[in-house]
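Everything below concerns the one structure shown next.
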Amino acid sequence: MVRSKASTVTEYLDELPDEQRAEVGAVRDVVLAHLPDGYAEGMMWGMITWYVPPEVSGPTYNKQPLGYVALAARKRHFSLYLTAVDGEGEESFRSRYAATGKKLDMGKSCVRFKRASDLALDVIGEEIASLPVEAFLGRYRRHKPLQSGGTSPVNVRAPLQCGHSLPLSTVREAPLMIASVGAAM
């Protein structure tokens, strides 16, 4: 599926073929069962996203709600984005996942899968449950870029339309790099 234009989770699920809806629904059920209080569910970046509402988080670097978990149906696979495993929690997550005997196909914080049964759903549920809103906000505030200028650490990421993400330092510095190259010519 290409990037969805659905504005609600119900619309998103309704536009999926039955088989994809079943797979997304199974993973969504796990997320909802383990999601700590305070996160909201909605559509962001063409995906089902669980996020910290702006009235709780305050202003963010991109003026968007602070995403915690996201789930999307792709053309040939599904993607589950777990921001808690990017950086600090990645090694622990990978170790606990490996102990289940299930194969992990993961980039920075994106777990790719073809069937919900391919996933170690218990480990994913534990990971989602491990970061209450206040702890997630604390981590964000420790690493967020300065509101006026400044730099950002590599583990704060910006989502791209293709469903992947780049370190914000790359995104924020790109205009500077382009300007520097232009000036050197």
Side-chain angles (χ1 to χ4, degrees), residues 1-86 89 93 97 100 102-137 140 156-166 168 171:
M1 166 177 203
V2 295
R3 183 177 169 162
S4 175
K5 293 182 180 16
S7 60
T8 68
V9 174
T10 301
E11 287 175 11
Y12 181 80
L13 294 171
D14 287 347
E15 71 186 18
L16 294 175
D18 291 343
E19 187 176 310
Q20 283 188 324
R21 185 179 315 113
E23 298 298 333
V24 167
V27 176
R28 179 176 177 240
D29 289 346
V30 171
V31 173
L32 291 171
H34 292 87
L35 194 67
D37 291 337
Y39 292 101
E41 179 183 64
M43 292 297 298
M44 293 171 56
W45 305 294
M47 303 180 276
I48 300 173
T49 305
W50 292 271
Y51 59 90
V52 180
E55 58 272 13
V56 175
S57 67
T60 60
Y61 69 92
N62 63 358
K63 298 179 180 41
Q64 297 293 316
L66 191 56
Y68 178 53
V69 176
L71 175 62
R74 304 293 182 204
K75 187 174 181 177
R76 293 193 172 99
H77 69 279
F78 301 91
S79 297
L80 179 65
Y81 296 86
L82 301 168
T83 59
V85 301
D86 189 12
F93 178 78
Y97 203 102
T100 69
K102 298 241 180 185
K103 181 182 177 216
L104 177 62
D105 180 4
M106 184 172 129
K108 279 291 191 181
S109 63
C110 175
V111 177
R112 292 171 293 275
F113 61 99
K114 296 205 184 259
R115 301 252 182 262
S117 60
D118 296 340
L119 297 172
L121 292 171
D122 54 337
V123 175
I124 288 169
E126 290 168 7
E127 193 64 38
I128 291 167
S130 73
L131 208 53
V133 169
E134 284 305 316
F136 183 55
L137 287 174
Y140 170 75
V156 178
R157 305 183 70 78
L160 301 175
Q161 288 186 356
C162 63
H164 299 284
S165 61
L166 284 176
L168 272 180
V171 174

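One is the number of the first residue; the rest follow in order along the sequence. Below, each value reflects all heavy atoms present in this structure, side chains not excepted, and no hydrogens, waters or symmetry copies.
Checked by atom type and distance alone, the side chain of Arg21 pairs as donor or acceptor with a backbone atom of Leu16 at under 3.5 Å. The backbone N or O of Arg76 sits less than 3.5 Å from a side-chain atom of Lys114, completing a donor-acceptor pair. Of the possible donor and acceptor atoms, none in the side chain of Glu23 sits under 3.5 Å from a partner among the backbone N and O of Arg115. Side-chain atoms of Thr49 do not come within 3.5 Å of backbone N or O of Tyr51 as any donor-acceptor pair. Asp29 places no side-chain N or O within 3.5 Å of a backbone atom of Ala26 that could act as its donor or acceptor partner.
Within a 6.0 Å radius of CD in Glu55, more than 12 heavy atoms belonging to other residues, nucleotides or ligands are found.
Residue Trp50 holds its CH2 atom at 6.5 Å from CZ of Arg28, rounded to the nearest 0.5 Å. The structure places CE of Met47 at 10.5 Å from CG of Leu80, a figure rounded to the nearest 0.5 Å. Taking CE of Met43 as the start and CD1 of Ile48 as the end, the distance is 6.5 Å to the nearest 0.5 Å. A distance of 4.0 Å separates CG in Leu119 from CD1 in Ile124, rounded to the nearest 0.5 Å. To the nearest 0.5 Å, atom CD of residue Glu127 and atom OH of residue Tyr97 are 12.0 Å apart. Rounding to the nearest 0.5 Å gives a distance of 8.5 Å between SG of Cys110 and CG of Leu82.
In this model, a donor atom of one side chain and an acceptor atom of the other lie less than 3.5 Å apart for Ser7 and Glu11. With no hydrogens or angles considered, a side-chain donor-acceptor pair links Glu15 and Ser4 at under 3.5 Å.
Looking only at side-chain heavy atoms (C-beta outward), Leu13 and Val24 come within less than 4.5 Å of each other. With contacts defined as side-chain heavy-atom distances shorter than 4.5 Å, the pair Met106/Val85 qualifies. Side-chain contact check for Leu137 versus Val52: some heavy-atom pair is nearer than 4.5 Å. Proximity of Glu41 to Val9: side-chain heavy atoms (C-beta onward) are separated by under 4.5 Å at one or more points. The side-chain heavy atoms of Tyr81 and Val69, taken from C-beta on, include no pair separated by under 4.5 Å. Counting heavy atoms from C-beta outward, His77 and Ser79 have side chains that approach closer than 4.5 Å.
Under the ring pair (Phe, Tyr, Trp, His ring centres under 6.0 Å) criterion, Tyr68 pairs with Tyr39, Phe136, sequence neighbours left out.
Residues Ile128 and Pro36 approach most closely at O-CD, 3.4 Å, considering heavy atoms. Taking all atoms of both residues into account, the shortest heavy-atom contact from Ala120 to Thr100 is CB-OG1, 3.6 Å.
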Under the side-chain contact (heavy atoms from CB on, under 4.5 Å) criterion, do Phe93 and Leu104 qualify, and how do the steps go? CA-CA 10 Å; Phe93 178 78; Leu104 177 62; 4.2 Å; yes

